[in-house]
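So the structure is just underneath, and the comments pick up after that.
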Amino acid sequence: MEEFEKAIEQVQALQDKAALTVLFYSGLRVGELLALTIADYDNKANTITVTKTLSRTATGYVIAPPKTPKSRRTVTIPCKASAVLNAYIATLYEPQPRDTIFIGLNGNHLAYVIKLAAAGADVKKSECMTCDTVTPAC
């Protein structure tokens, strides 16, 4: 947890900070994060409902249901993560329920941001971005 806090302080862009915070505290896969829509997030209950994922195919990217029924789930995120996500969503121009939250992000960009943040915080690779924490209640 301490390593994540040091690393996330290095991230300047609010979109990147929100994406990495949600990934860390929720345990979502990158494809699930990138497929999230405004309707999937309940800011009053601090929950994210996972019903789809973004995948790369031979012809491009496609948003589709997860591979297994168990991948469909509702995840509670802590107030801290919800606050960052709310701040980011507030910067979007008239977001609609079907709009994806993290417009223009991809897995390569997130990996690059993680690498820079970890280096800037002097966090070793083995310590950075482990998601084996329990999400505390608000």
Side-chain angles (χ1 to χ4, degrees):
M1 185 72 83
E2 184 179 319
E3 291 84 8
F4 174 76
E5 294 298 331
K6 285 194 292 186
I8 202 69
E9 287 175 8
Q10 304 298 312
V11 179
Q12 299 303 311
L14 184 55
Q15 183 184 43
D16 294 341
K17 188 173 287 215
L20 295 180
T21 301
V22 170
L23 280 174
F24 181 80
Y25 284 107
S26 69
L28 265 60
R29 296 171 186 90
V30 172
E32 293 169 340
L33 176 87
L34 298 177
L36 286 179
T37 62
I38 299 294
D40 295 328
Y41 173 56
D42 182 340
N43 65 346
K44 291 179 179 49
N46 296 327
T47 59
I48 295 171
T49 302
V50 179
T51 59
K52 54 198 163 300
T53 188
L54 178 74
S55 303
R56 186 170 29 183
T57 66
T59 57
Y61 289 94
V62 62
I63 293 178
K67 293 178 185 176
T68 66
K70 285 188 176 183
S71 293
R72 291 175 178 257
R73 62 201 185 281
T74 298
V75 179
T76 302
I77 58 174
C79 295
K80 177 186 280 191
S82 193
V84 174
L85 186 54
N86 289 339
Y88 167 65
I89 290 172
T91 68
L92 300 177
Y93 180 73
E94 297 182 8
Q96 300 300 308
R98 295 185 62 182
D99 292 346
T100 56
I101 295 174
F102 296 104
I103 302 159
L105 281 188
N106 64 52
N108 290 334
H109 174 76
L110 291 175
Y112 177 72
V113 172
I114 291 168
K115 184 178 177 179
L116 289 179
D122 198 31
V123 176
K124 293 177 181 40
K125 185 176 181 180
S126 62
E127 298 172 338
C128 185
M129 296 301 288
T130 59
C131 294
D132 57 356
T133 60
V134 176
T135 303
C138 295

Can you name the nearest heavy-atom pair linking [X] to [Y], along with the distance?
X: A117; Y: A7; value: CB-O, 3.3 Å
X: L54; Y: Y61; value: CD1-CB, 3.9 Å
X: P65; Y: R72; value: CB-NH2, 3.3 Å
X: L36; Y: T49; value: CD2-O, 4.1 Å
X: A35; Y: K52; value: O-CE, 3.3 Å

Looking at side-chain heavy atoms only, is the closest gap between [X] and [Y] below 4.5 Å?
X: T51; Y: D40; result: yes
X: I48; Y: T74; result: no
X: L28; Y: V75; result: yes
X: T21; Y: L85; result: no

- Message: Distance alone, cut at 3.5 Å: any donor-acceptor contact between the side chains of T57 and T59?
- Response: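 Side chains of T57 and T59: pair found under 3.5 Å.
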- Should N46 and C79 be marked as a side chain to side chain contact (heavy atoms under 4.5 Å, CB included) after you check the CA-CA gap, both sets of side-chain angles, and the distance that decides it? CA-CA 7 Å; N46 296 327; C79 295; 3.8 Å; yes
To the nearest 0.5 angstrom, please state how far the [atom1] atom of [X] sits from the [atom2] atom of [Y].
X: D99; Y: E94; atom1: CG; atom2: CD; value: 10.0 Å
X: K17; Y: I8; atom1: NZ; atom2: CD1; value: 6.0 Å
X: K44; Y: D42; atom1: NZ; atom2: CG; value: 7.5 Å
X: I89; Y: Q15; atom1: CD1; atom2: CD; value: 11.0 Å

- Message: Has R73 got a side-chain atom pairing as donor or acceptor with S71's backbone, closer than 3.5 angstrom?
- Response: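 Confirmed, R73 side chain pairs with S71 backbone.
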- Residues K80, E5: salt bridge by 4.0 Å N-O rule: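 The answer is yes: the pair qualifies as a salt bridge.
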- Query: Do L116 and V11 share a hydrophobic cluster (ILVMFWY, side-chain heavy atoms under 4.5 Å, transitive)?
  - Reply: no
- Task: Tell me, please, which residues at least two apart from Y41 pass side chain to side chain donor-acceptor pair (under 3.5 Å).
- Result: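 Here the qualifying residues are S82, N86.
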- Query: Which residues pass the side chain to side chain donor-acceptor pair (under 3.5 Å) test with E9, sequence neighbours left out?
  - Reply: none
- Under the side chain to side chain contact (heavy atoms under 4.5 Å, CB included) criterion, do L92 and I38 qualify, and how do the steps go? CA-CA 11 Å; L92 300 177; I38 299 294; 4.3 Å; yes
- Would you please classify the geometry between the F4 ring and the F24 ring as parallel, tilted or perpendicular, with 30° and 60° separating the classes? parallel
Please tabulate, for side-chain N and O atoms in residues 101-113, each donor-acceptor pair with protein atoms closer than 3.5 Å (sequence neighbours left out).
from, atom 1, to, atom 2, distance (Å)
N106, OD1, N108, N, 3.0
N106, OD1, H109, N, 2.7
H109, NE2, D16, OD1, 2.9
H109, NE2, D16, OD2, 3.2

- Item | I63 vs L34, side chain to side chain contact (heavy atoms under 4.5 Å, CB included): CA-CA, chis, key distance, verdict | CA-CA 9 Å; I63 293 178; L34 298 177; over 6 Å; no
- Please walk me through it: do E32 and S26 pass side chain to side chain contact (heavy atoms under 4.5 Å, CB included)? CA-CA 11 Å; E32 293 169 340; S26 69; over 6 Å; no
